Amino acid sequence: MQRPPVIDRALIKEIKDAEDERFHEDRPRSAALWTRAWESMPNGVPMAWHRGSYHHLPLWVDSGEGARFTDVDGFAYSDFNIADMSMFCGYAPEPIVRAVSDRMAAGNQFLLPTEDAILVSEELARRYRLPKWQYTLSASQANTEVIRVGRVMTTRDKVLLFDGKYHGHFDEALVELGEDGALVPEEHGLPDDVTEHTVIVPFNDLGALETALGRRDVALVMAEPAMTNNFGLVMPDDGFHERLRELTRATGTLLAYDETHTQVFGPGGLTAMWGLEPDFVSAGKSIAGGVPFGAWGTSDEIAMFLTQMKGADGERTDMVALGGTLFGNALSMAAARATMLEVLTPHAYDHTQQLGQRLAAGMRASVERTGLPWYIPHLGPRAGYVFAPQPIRNAAEGRACADEFLVRLIRIWLANRGVWEAIVGAGPVVPVPATEQDVDAYVEAWDALLTRLTS
Ligand SMILES: Cc1ncc(COP(=O)(O)O)c(C=O)c1O
């Protein structure tokens, strides 16, 4: 049997150095803006962590239209990262531009509801099969609220998450498994006792889940139906979700699915597609076309509990810590209404699924042709790459075959060929307005890189 090719590390570095140099040299206007930006922003970017996310000159954007954006040096990119899925609808879709412009002209925020709030809630209820909805400005905030409500409902404090998760930037979710298996804060600025409120178990490990839930101190399990962060796409084993639901019910634990990324797989995300039965669903990002918006839905029973949080005299009392001045504002609602009713149509999902199939098939063909021992995961509009011959089932398997340097080479190689790739740990996603040409541009550049790496 022929042995699979082994890629020489020195070759990866040689190609990456050359591609990095080309990228920088070709973009003097981005470079000049970045130099200027250091005067007013740490790392010269609006969020200091952005810099670490790219490891190269940050691109400064001029405009975006459809599935492409153009940088200030005039280079256009077919976008397969789509702002970490928040722009799944593409740039400047006409219905969202219209809805947002009209709403802005008629007043965008009142701290009072507009009829759009009802239309959006009805549509979310239809899609996710949970009857009652509440709003924030981001998925992180939606998840924060879900956890707080879960605590009130169960009178327990802890939240259980799966190793390798990302659910946003709030304390309970910024905890990870350290090397010795103990929980540690993921970043600086978190209190030392932050680990006390979180439990982390490996995805797809029903034994560990049963043991953790058996302690009956977990308010809520929060999970993506399929994991989409940090290690690409990690699918649940057959029967995983059924058993998760059984165990949560048996131990008095609530269950929340975070559909922030997985909503791109279909209307109602994987919750609807797989017939899951959570107590909560949360979403954000593309559900309002990238206009700041977060939503969480729940059952009548839990919602009823929220509506009872009022004293006999009608004054507020014992409220759950929810809400913010701009949450549920009229502009976000108008964007969400237009997104769901006019952009994320059944046809749009079909289209991205067909193109996702084309993307994954093209990527697989290159892997097979070059004999690299890599696996190409695929679901709906999303593909990816695993530097091992088989899919990974959890974060530990993901870590074992991760190769950040190689991913960074893939990104810069594609960028120099007009394709914008995922941040490390994600994977390419086909946005709604993408065409076969966009997908073929990705596959062609990918194929050329694999050839270069193996010849
Ligand atoms: C599954 C999931 N949930 C929540 C979030 C947080 O989203 P935001 O940063 O918009 O609050 C993310 C962001 O990547 C995510 O992937």
Side-chain angles (χ1 to χ4, degrees), residues 111 113 117 121 124-125 128-162 165 167-175 183 190-191 193-201 209 212-224 244-260 271 276-284 293-328:
L111 210 55
S121 302
L124 284 167
Y128 287 97
R129 298 170 199 164
L130 280 174
K132 296 291 194 294
W133 289 81
Q134 291 285 276
Y135 300 97
T136 63
L137 285 178
S138 70
S140 297
Q141 292 163 334
N143 287 337
T144 303
E145 296 206 340
V146 164
I147 290 170
R148 288 182 184 162
V149 175
R151 284 187 176 132
V152 174
M153 294 298 296
T154 58
T155 63
R156 300 174 182 174
D157 269 354
K158 291 182 193 281
V159 51
L160 185 144
L161 309 172
F162 290 101
K165 51 60 193 142
H167 293 290
H169 233 62
F170 56 95
D171 286 10
E172 295 86 343
L174 292 174
V175 167
L183 290 181
L190 299 160
D193 66 354
V194 68
T195 53
E196 283 172 24
H197 306 295
T198 307
V199 178
I200 294 190
V201 300
L209 185 65
L213 295 184
R215 294 186 198 110
R216 292 179 180 258
D217 58 358
V218 171
L220 175 126
V221 173
M222 179 169 283
E224 288 188 279
L244 169 62
R245 185 66 277 195
E246 278 170 19
L247 288 171
T248 46
R249 284 202 175 116
T251 55
T253 314
L254 295 168
L255 176 59
Y257 285 120
D258 178 349
E259 289 273 10
T260 302
T271 298
L276 306 179
E277 295 177 3
D279 301 297
F280 299 94
V281 161
S282 55
F293 183 77
W296 59 270
T298 192
S299 61
D300 280 319
E301 186 202 354
I302 294 175
M304 178 67 79
F305 194 78
L306 286 178
T307 60
Q308 288 169 350
M309 298 268 102
K310 227 169 169 210
D313 56 359
E315 290 302 311
R316 46 178 282 172
T317 172
D318 295 338
M319 298 289 286
V320 186
L322 307 177
T325 312
L326 285 160
F327 288 12

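Quantities reported herein were computed from a predicted structural model and do not represent experimental measurements. Just so you know, these numbers use all the heavy atoms, side chains as well, and skip hydrogens, waters and symmetry mates.
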- prompt: Sub-3.5 Å donor-acceptor pair from the side chain of T198 to the main-chain atoms of T195, do we have one?
  reply: no
- prompt: Can you pull the side chain to side chain donor-acceptor pair (under 3.5 Å) pairs that have at least one residue in residues 293-302, sequence neighbours excluded?
  reply: K132-D300, E145-W296
message: Any side-chain to backbone donor/acceptor pair from K165 onto A173? Under 3.5 Å, distance only.
response: yes
message: Could you check whether any side-chain heavy atom of L124 comes within less than 4.5 Å of a side-chain heavy atom of S121, counting everything from C-beta outward?
response: no
- prompt: Would you find more than 12 non-hydrogen atoms of other residues, nucleotides or ligands less than 6.0 Å from H169 atom NE2?
  reply: no
task: Verify side-chain contact (heavy atoms from CB on, under 4.5 Å) between L213 and T248, making sure each step is shown before the conclusion.
output: CA-CA 7 Å; L213 295 184; T248 46; 3.9 Å; yes
T251/V218 under side-chain contact (heavy atoms from CB on, under 4.5 Å): CA gap, chis, key distance, verdict: CA-CA 9 Å; T251 55; V218 171; over 6 Å; no
task: Determine the minimum heavy-atom distance between A142 and T136, stating which atoms define it.
output: N-OG1, 3.4 Å
Contact check, side chains of V149 and L322, non-hydrogen atoms, under 4.5 Å: yes
message: Rounded to the nearest 0.5 Å, what separates atom CE in M222 from atom CG in L255?
response: 9.5 Å
task: For Y128, check ring pair (Phe, Tyr, Trp, His ring centres under 6.0 Å) against everything at least two apart and list the hits.
output: W133
- request: Step by step, work out the side-chain contact (heavy atoms from CB on, under 4.5 Å) result for V281 and R129.
  value: CA-CA 10 Å; V281 161; R129 298 170 199 164; over 6 Å; no
task: Return yes if some donor-acceptor pair links the side-chain N/O of E259 with the main-chain N/O of T271 below 3.5 Å, else return no.
output: yes
- prompt: Going by heavy atoms in the side chains, are Y135 and L137 under 4.5 Å from each other?
  reply: no
task: Can you see which heavy atom on T253 is nearest to which on A219, and at what distance?
output: CG2-O, 3.7 Å
query: Any side-chain heavy atom of R148 sitting closer than 4.5 Å to one from T144?
result: yes
message: Quick check for you: to the nearest 0.5 Å, what is the distance between L220 atom CG and M153 atom CE?
response: 11.5 Å
message: Please find the pair of heavy atoms, one from R151 and one from D157, that lie closest to each other, and give the distance.
response: NE-O, 2.7 Å
- prompt: If you take all heavy atoms of V201 and A212, which pair is closest and at what distance?
  reply: CG1-CB, 4.0 Å
task: For R216, check salt bridge (charged side-chain N to carboxylate O under 4.0 Å, His left out) against everything at least two apart and list the hits.
output: none
task: Determine, step by step, whether F162 and I200 satisfy the side-chain contact (heavy atoms from CB on, under 4.5 Å) criterion, reporting the C-alpha distance in whole Å, the side-chain angles of both residues, the deciding distance to 0.1 Å, and the verdict.
output: CA-CA 5 Å; F162 290 101; I200 294 190; over 6 Å; no
query: If you measure from CG on L306 to CD1 on I302, what distance do you get to the nearest 0.5 Å?
result: 8.5 Å
field: Atom pair CD (E224) and OG (S282), whose distance is rounded to the nearest 0.5 Å
entry: 9.5 Å
- prompt: Does D279 reach the main-chain N or O of A256 with its side chain, forming a donor-acceptor pair under 3.5 Å?
  reply: no
query: From L209 CG over to E246 CD, what is the distance, rounded to the nearest 0.5 angstrom?
result: 11.0 Å
message: Side chains of L247 and V221, heavy atoms from C-beta outward: is any pair under 4.5 Å?
response: no
statement: Here the gap from L130 atom CG to E277 atom CD, rounded to the nearest 0.5 Å, amounts to 10.0 Å
field: Closest approach of T154 to G150 (non-hydrogen atoms, all atoms of both residues)
entry: OG1-O, 2.8 Å
